[in-house]
Amino acid sequence: MDFDDVILGRRSIRGYRPDPVPRPLIEEILTLAMRAPSSMNTQPYHFYVIGGSALDAIRAGNTERMVAGIPQSREFRTGTAFAGPHRDRQIGVAKQLFAAMGIARDDKDARQDWVMRGFRQFDAPICVIITYDRDLAESDDTAFDCGAVATALVNAAWSRGLGTVINSQGIMQSPVVREHAGIPDDQVIMKSIALGWPDAEFPANAVVSERRSVADAAVFVGFGE
């Protein structure tokens, strides 16, 4: 697949076929992803690739704790709620997804079920959990580097016919994730990525989120002199 086709074609996948993903293919994708730049080549990230009964246990634990009202325990800083144009974009993509799935504004049960899909890693056969070394926790470069490798990972997966969606729901109950993924205390859990073969019949998979224009996002200085 050409580079432009990967970048322009990739989208977040929220519905997956149950077919297994071969370990050699995942290793190939991670090898490509790890070519992403990192600050002074620190490569602060680690990947915990979870499937099978371990992932089922994480799904069950996440769901049980959220339904029971146990507060989320996400380890990487959450920050404040989005506002202004950022909130508008968040609402915009939610409207696209709900429209695709036929979820009405007043259908609380369907909306709650949609939220719970996130805590189940969208029922994908694989979850890749990205962590970073705790002794780098005060470095802003570390978060940037993890974002870079996550972006490279989802693009590499797409180039091989696999779908992904980067999410935080799957790691919001960190004690559950640590227990079943075997993540040691010297690691900070940052993000999770659902991964698998896209289900072509799942309506939300057809949603392509809108992007700002270059004119809106970029400032050019010193051109045309």
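- Note on V149 and V154: same hydrophobic cluster, where clusters join Ile, Leu, Val, Met, Phe, Trp and Tyr whose side-chain heavy atoms are under 4.5 Å apart, directly or indirectly.
- V67 places a side-chain heavy atom less than 4.5 Å from the side chain of M116.
- For the residue pair T131 and Q187, the shortest heavy atom distance occurs at OG1-OE1, 2.6 Å.
- M66 and I70 sit in two unconnected hydrophobic clusters of ILVMFWY residues. Membership requires side-chain heavy atoms under 4.5 Å apart, directly or through other members.
- Rounding to the nearest 0.5 angstrom, the gap separating the OG atom in S12 from the CZ atom in R10 is 5.0 Å.
- Taking 4.5 Å as the limit, some side-chain heavy atom of D123 sits within range of a side-chain heavy atom of R117.
- Side-chain contact between S73 and S174 is present, with at least one heavy-atom pair separated by less than 4.5 Å.
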| Trace of the side-chain contact (heavy atoms from CB on, under 4.5 Å) decision for Y48 with V128 | CA-CA 6 Å; Y48 291 82; V128 180; over 6 Å; no
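- Residue F3 forms a side chain to side chain contact (heavy atoms under 4.5 Å, CB included) with just one option from V6, D5, I7, and that option is I7.
- Inter-residue side-chain proximity for R160 and L32 is flagged as met; some heavy-atom pair is nearer than 4.5 Å.
- With I183 as the fixed residue, the side chain to side chain contact (heavy atoms under 4.5 Å, CB included) test singles out one of V188, I171, I129: I129.
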Listing, residues 92-110 side-chain donor-acceptor contacts under 3.5 Å, not counting sequence neighbours, or none:
from : atom 1 : to   : atom 2 : distance (Å)
Q96  : NE2    : V208 : O      : 3.2
D107 : OD1    : A110 : N      : 3.1

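- You'll find the side chain of I130 stays beyond 4.5 Å of the side chain of H46, heavy atoms only.
- To the nearest 0.5 Å, the span separating OH on Y132 from CD on E75 amounts to 8.0 Å.
- The environment of CZ in R134 is crowded: more than 12 heavy-atom neighbours from other residues, nucleotides or ligands sit within 6.0 Å.
- Interatomic distance, CG of L30 versus CZ of R23, reported as 10.0 Å (0.5 Å rounding).
- In this structure, the side chain of T42 engages the main chain of S39 through a donor-acceptor pair within 3.5 Å.
- Under the 4.5 Å side-chain heavy-atom criterion for ILVMFWY residues, a single connected hydrophobic cluster contains both V214 and F223.
- Closest approach of V21 to W197, counting heavy atoms only: CG2-NE1, 3.8 Å.
- Here the shortest heavy-atom pairing between S38 and D145 reads CA-OD1, 3.4 Å.
- The cluster map of Ile, Leu, Val, Met, Phe, Trp and Tyr, joined by side-chain heavy atoms under 4.5 Å apart, puts V207 and W114 in the same cluster.
- For F47, the ring-ring contact (aromatic ring centres under 6.0 Å, His included) criterion is met by Y45, not counting sequence neighbours.
- When every heavy atom of Y16 is checked against every heavy atom of G163, the shortest pair comes out as CE2-O, 3.5 Å.
- Inter-residue side-chain proximity for D186 and D135 is flagged as unmet; no heavy-atom pair is nearer than 4.5 Å.
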| said: As a quick check of understanding, evaluate salt bridge (charged side-chain N to carboxylate O under 4.0 Å, His left out) for R212 and D88, giving each step before the final call. | reply: CA-CA 12 Å; R212 301 160 63 191; D88 292 341; over 6 Å; no
| task | Quick one: do I126 and V49 satisfy side-chain contact (heavy atoms from CB on, under 4.5 Å)? Show the steps, please. | result | CA-CA 7 Å; I126 297 294; V49 185; 3.8 Å; yes
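- Contacts classified as ring-ring contact (aromatic ring centres under 6.0 Å, His included) and involving residues 133-191 (residues at least two apart or in different chains) are not found.
- Note that the CE atom of M34 and the OG1 atom of T31 stand 7.5 Å from one another [nearest 0.5 Å].
- The aromatic rings of F82 and H86 sit tilted relative to each other, their planes meeting at an angle between 30° and 60°.
- You'll find the side chain of N205 reaches within 4.5 Å of the side chain of I13, heavy atoms only.
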| query | Can Q169 and R74 be said to form a side-chain contact (heavy atoms from CB on, under 4.5 Å), step by step? | reply | CA-CA 9 Å; Q169 298 102 309; R74 178 177 168 183; over 6 Å; no
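- A single hydrophobic cluster is not seen to contain both V165 and F119; linkage of ILVMFWY side chains at heavy-atom distances under 4.5 Å, directly or through other members, places them apart.
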| Are L195 and L153 close enough, and set up right, to give a side-chain contact (heavy atoms from CB on, under 4.5 Å), and what steps lead you there? | CA-CA 10 Å; L195 183 147; L153 192 160; 4.3 Å; yes
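- Summarising the geometry, atom CD1 belonging to I189 is positioned 11.0 Å from atom CD belonging to Q173; distances are rounded to the nearest 0.5 Å.
- Using a 4.5 Å cut-off on side-chain heavy atoms (C-beta onward), S168 and Q72 make no contact.
- Taking each heavy atom of N62 and G170 in turn, the nearest pair found is ND2-O, 3.1 Å.
- Within the model, atoms CG of N167 and OG of S192 stand 3.5 Å from one another, a figure rounded to the nearest 0.5 Å.
- The two residues A36 and A152 make their nearest non-hydrogen contact at CB-CB, 4.0 Å.
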